[in-house]
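The next block holds one structure in the form of structure tokens; read it before the comments.
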Amino acid sequence: MLMRALSMRRAVAAVILALTTLLPCLAARAMSPELIHELAFGENDAKIKALGALVAADDPKALPLLQALVDGEVQTAGNRQVLLVKGDNATDAVTGAVVAPLPESRDDVVINNRVRREIAGAIAALKLAAPDRAVRLAGVKALQGGADEDMLPAVKHALAKESDAEIRGLLELTRATIQLGSSDRATRIAAIRALAVSNDVSTKTLLLVVLGKKGDAWAEPDGDIRAEAEKSLRSVEGRLSTGEMVGRVFSGLSLGSVLLLAALGLAITYGLMGVINMAHGELIMVGAYATYFVQNLFRSYAPAAFDWYLVAALPAAFAASALIGMVMERTVIRFLYGRPLETLLATWGISLILIQAVRTLFGAQNVQVENPVWMSGGITVFANSVLPYSRIVIIGFAAAVLTMVWLLLTRTRLGLFVRGVTQNRQMAAALGVPTSRVDTFAFGLGSGIAGLAGCALSQLGNVGPDLGQSYIVDSFMVVVLGGVGQLAGTVYAGLGLGIANKFLEAWSGVVLAKIAVLVFIIVFIQKRPQGLFALKGRMAEG
Amino acid sequence: MQRRIFIKRLVLSAALATAGLTATVPVLGADTIKVGILHSLSGTMAISETVLKDTALMAIEEINAKGGVMGKKLEVVVVDPASNWPLFAEKARQLITQDKVAVVFGCWTSVSRKSVLPVFEELNGLLFYPVQYEGEELSKNVFYTGAAPNQQAIPALEYLMSKEGGGAKRFVLLGTDYVYPRTTNKILRAFLKSKGIKDSDIDEKYTPFGHSDYQTIVADVKKFAAGGKTAVISTINGDSNVPFYKELGNQGLKATDVPVVAFSVGEEELRGVDTKPLVGHLAAWNYFMSLKNPTNDVFKKEWADYAKAKKLPGADKPLTNDPMEATYIGIHMWKQAVEKAKSTDTDKVVAAMAGQTFKAPSGFTAKMDEKNHHLHKPVFIGEVQANGQFNVVWKTPGPVRAQPWSPFIEGNDKKKDEPEKK
């Protein structure tokens with residue numbers, strides 16, 4: 001934080017210099033070959049000095065060069081030439097002329113975190129005076145929490161010129177963080193009060209410094225200022241902890257939706273049909289591998305549409321797993337209805353065959369399923385909690401799958417048959433329902449949903465032959481806890497376990513949380529073997 | 001009940017799988033020397049260990065092409081312990097007693113090494129262990145070609161606390177829950193304390209093997225970082241690293257704010273991770289693929305050619321890393337020692353190993369210490385680049401002697417710097 005502050009100070013002090021003097025000749029000298037040479041060839045200290053000088057000239061022409069440095073697109077050739085290289089095109093950083101052909105031996109200009117931080121400060125400072133609103137906003141956002149006293153005139157100057165409310169607000173906060181170190185008591189107290197509305201984590205760090213101790217004495221001898229800082233800190237912390245809570249609930253929901261997706265298929269095959277399907281995890285894995293397969297097809301044949309491969313992967317994953325599920329049902333499981341122990345052993349055997357088949361086909365190592373670009377990154381809710389897009393998408397996806405399954409079971413003819421057959425097979429058969437075909441379809445449906453889960457999980461975790469084994473325990477846990485034969489129970493159990501797990505994790509660490517959840521479920525099942533929601537009536541006993 | 005079944009199933013499937021994978025390279029006449037390779041080719045550690053098996057095969061092929069060892073060809077026995085620690089011991093026993101191998105190259109995690117150690121000591125076998133580890137061990141039957149804590153972890157912390165490294169004041173020690181991270185973190189905590197860091201500024205966290213949901217961890221790191229300049233020391237092992245780094249990128253935790261330095265993440269582990277949001281995060285190793293020197297160029301070329309010829313997965317983008325280098329050094333040093341001892345007998349080879357040197361791809365000459373079974377190695381700290389490679393930002397002037405008994409653990413000053421003779 002301090003480093004960043006220093007760089008900001010230097011950068012912004014330089015901007016002020018440029019703003020107040022406004023010398024055209026300075027701008028003309030801005031991109032001097034010496035500075036560029038220093039930036040490219042100098043040691044880190046020299047680089048940072050050159051950065052300061054470059055910013056002092058306040059020339060927006062420096063921005064592309066600085067950005068290129070951050071992006072690792074600056075190369076040197078020989079002892080003097082500095083190149084901006086983008087793909088196969090290169091321009092000379094000093095003259096701006098296109099360089100072709102590229103010199104044979106080139107070296108990358110490498111920077112470390114320290115220089116990277118300084119460059120970020122310089123870029124932010126240069127952006128503060130830019131005409132484009134978006135650029136200014138990015139600049140002032142980058143300045144948040146990294147301001148220092150020397151920057152005050154610059155911030156005041158920007159404030160005087162700024163008409164945009166959002167940027168003004170951020171600038172005022174920046175001014176307050178600077179005035180926190182002011183020697184004037186009234187200014188300091190005002191600044192501390194102003195900071196109470198901040199959402200930024202770094203504000204907390206700054207206020208903590210005011211409240212800190214140096215040795216045995218308070219860093220801040222004035223009791224009133226400490227009291228104000230305490231008040232502001234509480235208000236900032238209050239908001240931060242709200243953000244934290246939002247983040248925690250979100251991650252619980254996210255884990256819950258993963259559990260739900262993994263368990264939903266099992267809720268049909270085990271919950272409704274009563275088949276103890278030990279190969280359920282492997283059906284998830286098959287879905288994930290189907291996604292991988294589709295991804296590779298897109299990469300080879302339609303690289304332009306690569307970002308949308310998931311859309312094609314969903315039906316493929318569903319079809320692959322459903323097909324395998326239906327074959328399993330037709331060839332093995334149907335002969336074992338009503339014999340749970342044999343079903344368990346047979347499906348376990350199938351799971352081993354599936355694992356080994358995948359190992360033989362794709363290799364024992366994990367395969368890489370890439371996130372499409374639109375699933376990378378996240379939205380910032382508060383300064384301290386970012387909700388990743390990939391997780392938002394998967395929560396939405398789980399909800400969509402759930403809705404579809406529910407509609408399928410309650411609103412369609414197939415759903416009616418499935419419910420009829422599971423409730424009373426003889427009666428359904430007597431009424432002309434083709435029970436054996438319904439069994440196949442229902443099992444295929446459950447398997448297909450496992451495939452969809454695999455497609456979604458491939459976006460979060462690793463895809464390997466053992467993928468299924470890490471989810472099958474969780475899946476059974478959710479279904480059993482929720483109550484066999486109940487979709488609603490699965491939903492509550494999935495989300496409940498997810499959120500409970502995340503809150504326990506925050507409190508006791510990941511390892512203990514896992515143990516605690518298992519112990520809880522064991523105790524719960526002892527007390528209430530039928531799960532959260534039990535079916536009432538004759539079915540419950542049968 | 002259900003859980004027990006699952007565990008059994010896990011073991012069984014692993015056993016089944018490995019039975020299928022055990023393969024012996026065709027016998028090249030009776031006069032061969034058998035060597036064993038004991039790396040997980042499936043399970044959570046396969047991401048890291050599979051390439052070590054291939055590196056070992058490459059080095060052995062290279063040696064055979066040059067006439068073998070003492071005129072005898074090497075014959076390889078590859079087994080897959082499937083990231084299953086008890087299976088490591090079983091497979092090690094099988095290699096020594098049934099296959100009668102002269103030497104075993106293998107293991108990655110310390111828990112697997114601890115599991116095979118009694119077997120090697122009981123049967124007087126020879127193990128070359130190619131991965132950085134926590135120290136606190138010295139066996140006559142093992143040569144450690146990876147780094148001890150003073151050759152990796154401690155320099156990395158010193159760097160983070162320096163001006164160039166960002167001057168970190170608070171530390172999150174994050175690891176997988178087993179012996180290597182726990183011991184390393186014990187040493188690091190003692191080291192940090194000796195530098196005046198308070199306990200309240202150190203946060204220690206563990207996750208199980210194969211953990212894939214790092215939301216809470218990353219959120220907690222963010223919260224902890226509000227208290228002052230923070231760095232994360234990651235000893236996460238295996239494929240958990242992929243979701244961990246994905247989460248870091250997605251939640252926007254930048255290296256300029258909170259750098260993460262990893263001790264078990266190299267070029268291979270970052271394959272398949274989008275490294276653009278991770279630029280600036282660090283790793284400490286004794287070798288990086290990006291090192292520029294003639295020995296490394298030869299090594300990289302040999303690996304690229306081998307990967308292409310054998311159609312290994314990822315041959316289109318061949319990567320080398322530190323444990324691969326350590327494997328390579330180990331095999332060649334073993335060959336030199338056997339030729340010096342004129343025998344593959346464990347005791348004779350152990351004696352001949354002392355003081356062996358080898359021109360390593362790191363650009364330095366690695367030397368096996370005369371006493372403590374560890375290599376003298378240089379230390380590099382690298383930052384992740386957008387292309388998944390590491391850019392060296394700090395290095396030691398030359399090779400560093402290993403301290404298997406860390407001075408930061410109480411009572412170690414009384415321990416001998418060489419294995420107890422049996």
Side-chain angles (χ1 to χ4, degrees), chain A residues 1-4 44 71-72 110 112-114 116-117 120 201-202 204-205 208 240 244 247-248 251 254-255 258 278 348 352 355-356 359 363-366 368 370-371 376-378 380 384-386 388-391 460-462 464-466 469-470 472-473 476 502 505-506 509-511 514 518, chain B residues 2-3 5-6 9-10 12-13 16-17 20-21 41-44 46-47 50 80 163-167 177 205-208 210-213 215-217 219-220 222-223 225-229 239 242-243 246-247 249-252 255-256 259 271-272 274 277 279-280 313 383 385-386 391 393:
Chain A
M1 212 45 75
L2 187 70
M3 299 296 312
R4 202 161 132 205
N44 283 344
D71 296 341
V110 286
N112 69 1
N113 279 333
R114 179 176 164 226
R116 209 170 280 124
R117 247 191 315 268
V201 191
S202 53
K204 183 181 163 189
T205 319
L208 277 176
L240 286 183
E244 217 169 85
R248 202 135 273 164
S251 58
S254 163
L255 178 65
V258 166
M278 298 295 279
W348 176 16
L352 293 183
I355 291 177
Q356 197 54 46
R359 274 206 188 122
Q365 266 197 290
N366 291 350
Q368 292 139 26
E370 266 176 50
N371 293 112
S376 305
T380 314
N384 64 334
S385 71
V386 179
Y389 290 126
S390 54
R391 302 214 173 251
L460 291 180
N462 291 300
D466 301 332
Q469 296 179 336
S470 44
I472 186 147
V473 182
F476 269 103
K502 281 296 159 193
E505 263 182 30
V510 178
V511 182
K514 209 157 197 161
L518 280 174
Chain B
Q2 212 111 45
R3 214 174 142 68
I5 293 168
F6 293 126
R9 193 171 70 120
L10 215 91
L12 224 138
S13 67
L16 222 106
L21 273 171
L41 309 178
S42 51
T44 183
I47 181 178
T50 308
D80 175 17
K163 179 176 152 211
E164 282 295 324
D177 200 5
K205 281 184 190 308
Y206 295 96
T207 57
H211 189 66
S212 63
D213 189 340
Q215 297 179 87
T216 324
I217 302 267
D220 283 350
K222 273 188 176 173
K223 187 180 168 195
K229 183 70 195 170
D239 55 9
V242 177
K246 271 189 184 171
E247 194 70 41
N250 283 341
Q251 294 220 21
T256 43
R271 189 200 282 278
D274 176 19
V279 168
E383 282 185 1
Q385 304 291 294
N391 153 40
V393 292

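Letters go in sequence order (proteins before strands), and every chain restarts at 1. Hydrogens, waters and symmetry mates are skipped; everything else that's a heavy atom, side chains included, is used.
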(request) Against chain B, work out which of A:G363, A:G461, A:S254 has the most heavy-atom pairs shorter than 4.5 Å and name it. (result) A:S254

(request) First locate atom NZ of A:K514, then atom CG of B:D177, and finally report the distance between them rounded to the nearest 0.5 Å. (result) 12.0 Å

(request) Specify the closest pair of heavy atoms between B:E383 and A:N113, including all atoms of both residues, with the distance to one decimal. (result) OE2-N, 2.8 Å

(request) Please flag which part of B:P208 lies under 4.5 Å from any non-hydrogen atom of chain A: side chain, backbone, both or neither. (result) both

(request) Ignoring hydrogens and angles, tell me if any N or O in the side chain of A:R114 forms a donor-acceptor pair with the backbone of B:E164 under 3.5 Å. (result) no

(message) So which residue, B:G228, B:A226, B:S212, ends up with the most heavy-atom pairs under 4.5 Å with chain A?
(response) B:A226

(message) Under the rule for side-chain hydrogen bond (donor to acceptor under 3.5 Å, both in side chains), what residues qualify as partners of A:E244, not counting sequence neighbours?
(response) B:K223

(request) Check whether A:L208 gets within reach of chain B through its side chain, its backbone, both or neither, counting any heavy atom under 4.5 Å. (result) side chain

(message) Please give me the minimum heavy-atom distance between B:Q251 and A:V386, naming the atom from each residue.
(response) O-CG2, 3.5 Å

(request) Examine whether an atom of A:S251 lies under 4.5 Å from a heavy atom of chain B, and if so say whether it belongs to the side chain, the backbone or both; otherwise answer neither. (result) both

(request) Please name all residues satisfying salt bridge (Lys or Arg N to Asp or Glu O under 4.0 Å) with A:D71, sequence neighbours left out, ordered by chain then number. (result) none

(message) Just so I understand: if I count every heavy-atom pair under 4.5 Å between each of B:T44, B:T50, B:I47, B:T216 and chain A, which residue has the most?
(response) B:T216

(request) Could you look at A:R116 and say if it's the side chain, the backbone, both or neither that has a heavy atom under 4.5 Å from chain B? (result) both

(message) Show the nearest heavy-atom pair for residues B:D220 and A:A506, with the distance to one decimal.
(response) OD2-CA, 4.4 Å

(message) Quick check: closest heavy atoms across B:N250 and A:P388, and the distance to 0.1 Å?
(response) CB-CB, 3.7 Å

(message) Just so I know, are the side chains of A:R391 and B:D213 near enough to count as touching, which here means a heavy-atom distance under 4.5 Å?
(response) yes

(request) Among the options B:I217, B:T256, B:T207, B:V393, pick out the one with the most heavy-atom pairs lying under 4.5 Å from chain A. (result) B:T256

(request) Determine the minimum heavy-atom distance between B:K246 and A:L460, stating which atoms define it. (result) CD-O, 4.5 Å

(message) Less than 4.5 Å to any heavy atom of chain B: does that hold for the side chain of A:N112, its backbone, both, or neither?
(response) both

